[in-house]
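Shown next, in structure tokens, is the structure this report addresses.
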Amino acid sequence: MASAVRHQPVASFQSHPERYRHWKLAIDGAIARLGMDIKEENGLRPEDYELKQNSYDLGVDIELADAIERLRFEHPEVRVLVFESLLPKVFCAGANIRMLASSTHGFKVNFCRYTNETRLSLEDASQHSGLRSLCAANGTAAGGGYELALAADRIYLVDDGNAAVSLPEVPLLGVLPGTGGLTRLVDKRKVRRDLADLFCTKAEGFRARDALRYGLIDGSFPRSRWEAGVSAAAADLAAQSPTRASQGVPLSPVNSQVDGRTRRYRSVELTLDAEARVATLTVRAPEALAPASASALRDEGAESWAIRVFREIDDALLHLRFNHDTVGLVLLRTEGDPDAVLAHDAVVHDNPGDWFATEIRLLRARVLRRLDNTAKSMFAIVDRGSCFVGSLFELALAADRSYMLSDDEAGPTLHPTRAASGGTYPMGTAISRLQARFAREPQRAKDLLESEHPMHAEEALSSGLVTLAPDAIDWDDEIRIAIEERISLSPDALTGMEQNLRFVGNEGCDTKIFGRLSAWQNWIFQRPNAVGEEGALTLYGHPTRPRFDFRRT
Amino acid sequence: MSSIDYSERIPNNVDLSSDKRLQRALEKWQPAFIDWWNDMGPAGGWQERDVFLRTAVSVDKGGWAQFGFVKMPEYRWGIFLEAPEAGRLVGFGDNAASPVWQEVPGEYRNTLQRIVVTQADTEPASVEQQRWLAQTGPSQYDIRNLFQVNVEEGRHLWAMVYLLHGYFGRDGRDEADALLERRSGDPDKPRILDAFNQPCPDWLTFFCFTTFTDRDGKYQLAALAESGFDPLARTCRFMLTEEAHHLFVGETGVRRIIERACTLMKQDPNGDARAQGGIDLPTIQRWVNYWFSYSVDLFGGEISSNAADFFAAGLKGRYKEMSKYTEHTALGQTHAIPLLRDGRLVVEDVPLRNAMNEVLREEYRDDCQKVLERWNKAVRDQGVTDFEFSLPSTRFHRRQGVYATHAFDPNGNAIPLAEFEAHRAEWLPSDADRAYVASLMKPVHEPGKMANWIAAPPRGIDGRPLDFEYVR
Ligand SMILES: [Fe+2]
Ligand SMILES: [Fe+2]
């Protein structure tokens, strides 16, 4: 491979429309337009690749994720998001191939996971916030470009005899359309599987007429009627979507300071022990009084603990994933006053009809799913001063194991609530973490929530809510040994094991994308046929053609 | 197998009658083609006239240019391939030395189809671009030449459609239909390549187009004539013989305008050809700049993985791959290409296979340079010593490739966009230029007469005198 494989830290996962380099966001009443105008020279690693033909890298997707998030919070008046390209003839060419080819395996996997999460957030916005999306492909949408389109509610393609939709990954690159493409084709759009097979092996894809016939798009217009057609389709979609609110809440920046081994947010701390390959994610209960009502919550806005703490967790998770690949185990800790957590939760949970409270619940659900999808072992550590209550109890449920200090003198530090654990924060499988935990005894999950109350270690253990409950004499040693044992195991086997054990229950589009599509993609990404010296991905754009090992595995 | 069966509805030397399925498919396409020709071919009542045209009756030397009067819609568009070369092997790339393919290899099917469709699309496109020109033709001789070019572009379309029908199955037939549905310059269904959507409203444009854009065609066809897909190679070889005439029409057309401009300059007290109703030399230079730059775009990206793939697969070679080169893998070699780095040009070595578009473009550029030298000789022969045509750099005025994102002057120096804009009217046709040239476009249909802005050619067609009635 020509360029040196390396991994460099991603400085920030935050963005703002004023700083977008690759997108233009324009809002007109109920309709927002997000114009893709990716700057070739502004990739995250400009020395390795140029973002030609509206091809994207992580930097582009961070802005996209930011735009979707901001529309949900800052512009509840927007009911339709229209994706379009500001380049002539090309909508989007997908993820930049040279970027992929010059990235480490770990970066590629994290990049794909992030872009998948962004597209799922787009669908989440449509399903739960009534923010519909429409992809107006005014030129060819290839690979990840068409996958972005697939995440929208409606796809329109200009009918100019040239523009096409395509998934050329298999025939051209020897990899998969791994940003949900294969899954959404057959599971979301329900394209017949044999036609999908034809489509996915035809590098140049289909132009409007055939694309429409096969169900790959929802409509097309010739160039002369393009603007009018897209505007009418967007207006039509907007008319079908409910109004949420007229006044938004600004998303303030998520700030953190790095201080030695610790990245500090206001209510979250991420401490790394790189040598031990262990990180500690500590979440602190609020100190301020809870807002008394939904409108008080809106007044506090994005700075209110209930939303801010989850945005901080989200940012910390991204740093963990992209910038600390050797960390194998994350200790999840909480500290502070359990009642304060419950009070701040209450205003979020008790106002189902309030749009802002709803958006906060949806955001928290997404962050928790990001936690579920993080390829690190997670132990919840429930000890003196902890507050695994309400929404923070979901952290304990997300962990692979939980350790709770058996400590009769301290107050109860664990408290599952119906408001938080009764389905408000579903996993990718669409069931709650509690349901997943008690798949064998569904009644137990119900009973626990019926009689919700704070618990000491003994009860938590007997109720099945924690894994182990050592007493103070054994505690330090138990935890130390558990950590040392965990990080001595094969990281690959652990990732595979955890991802299989975490997602109890039925498959959905989400789990298929992460569990099936991504897993196969990640396997292919490791195979010589893709990334070996003569692999298709390695040699893409190079003068020699790939040579395959034709043995099927 | 080189004689043509005229008992068939579709003249051919490919033994069409033995392949009923293909014959039926083409016979079905034929009426759609005729409809297209009637709708989009030469406009203004010319279709009912008898035109003195050459028709290919065989691919043998001397046999493919038989002259006679024919109404254009009745022209015998046929399918002619150069005779097969026994034992021909793939000449280059990773498949070198294996027998050439007589059928499309599955592995390259999509790629080959794209190559054929892209080439095919240019053929009807240029007919559409040129459809109004006869209305303002400067002489019978020129109108005939225009029609000759038009019917042969029609035949080139047939040649490509034969490949699509014969070798690419259902997809190929769909593509053949789509070739008749796209329209040059139509925003809703444009032709694939940009140069083929530009208007061709005047004869200076026509002659520049046939000089520069048809010459791109020559180089593309020459590169495909080396193809390991034998039917494509044989088709392109025969098309090249026809293309040579189109280049002749273009080059001599511009030369005659130049000669006339020089004559008028000498007649005018101020040496001003425009004052005498001619097209002055600087205006011609601007047309050259415009059409050369649009035509070099057609060669594709300077650094191209497609180009590398085409070569590696043995689908598209270099110009005269087999006669000019001894090394045919093009591996382990580089090609120097100046690239913009922080606003400055830095020459970088690009793997040769990835630079194949540029290699072909450079051959083309050198060929164009020779044309300009012949025009400059014409200028000198007229006794004009203070003007010389110059070919712009291939970086000038680009819309495709690595130079498209920056402004360059005609010498290829990177300049600020504002500077380019300040010189635009000096380097490229202005609206005033176009209006002036358009104002000269008055029809001259009387045999032997020439419009004032163009000199007479030295001789007529196929030994006929200049005042022969080429269109009746
Ligand atoms: Fe042609
Ligand atoms: Fe031609």
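Each chain gets a letter, A, B and so on, in the order its sequence line appears, and its residues count up from 1. Basis for what follows: all heavy atoms, side chains included, without hydrogens, waters or symmetry-related copies.
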**OP:** For the pair B/E107 and A/R545, evaluate salt bridge (Lys or Arg N to Asp or Glu O under 4.0 Å) and give the outcome as yes or no after the intermediate values.
**Re:** CA-CA 12 Å; B/E107 191 184 349; A/R545 294 167 58 78; 3.2 Å; yes
Original post:
Are A/R207 and B/D174 close enough, and set up right, to give a salt bridge (Lys or Arg N to Asp or Glu O under 4.0 Å), and what steps lead you there?
Top reply: CA-CA 12 Å; A/R207 294 187 291 249; B/D174 283 354; over 6 Å; no
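The closest donor-acceptor contact from the side chain of B/D188 to the backbone of A/S224 lies under 3.5 Å.
Annotation for A/R193: atom CZ does not count as buried by contact number, only 12 or fewer foreign heavy atoms lying within 6.0 Å. Around CZ of A/R21, the count of heavy atoms belonging to other residues, nucleotides or ligands within 6.0 Å does not exceed 12.
Heavy atoms of A/T201 lying under 4.5 Å from chain B belong exclusively to its backbone. Contact of A/N162 with chain B is made through the side chain alone, with heavy-atom distances under 4.5 Å. For B/R191, the part lying near chain A is the backbone, with the side chain staying farther off; criterion is any non-hydrogen pair under 4.5 Å. For a residue to count as touching a neighbouring chain, one of its non-hydrogen atoms must lie under 4.5 Å from one of that chain's; by this rule A/E50 touches chain B with the side chain only.
Salt-bridge formation is detected for the pair A/K202/B/D171: a Lys NZ or Arg NE/NH1/NH2 atom is positioned less than 4.0 Å from an Asp or Glu carboxylate oxygen.
The side-chain heavy atoms of A/E204 and B/V117, taken from C-beta on, include no pair separated by under 4.5 Å.
The line from CD1 of B/I303 to NZ of A/K52 is 6.5 Å long, rounded to the nearest 0.5 Å.
Per-residue counts of heavy-atom pairs under 4.5 Å with chain B were compared for A/L539, A/T544, A/V158; the largest is that of A/T544.
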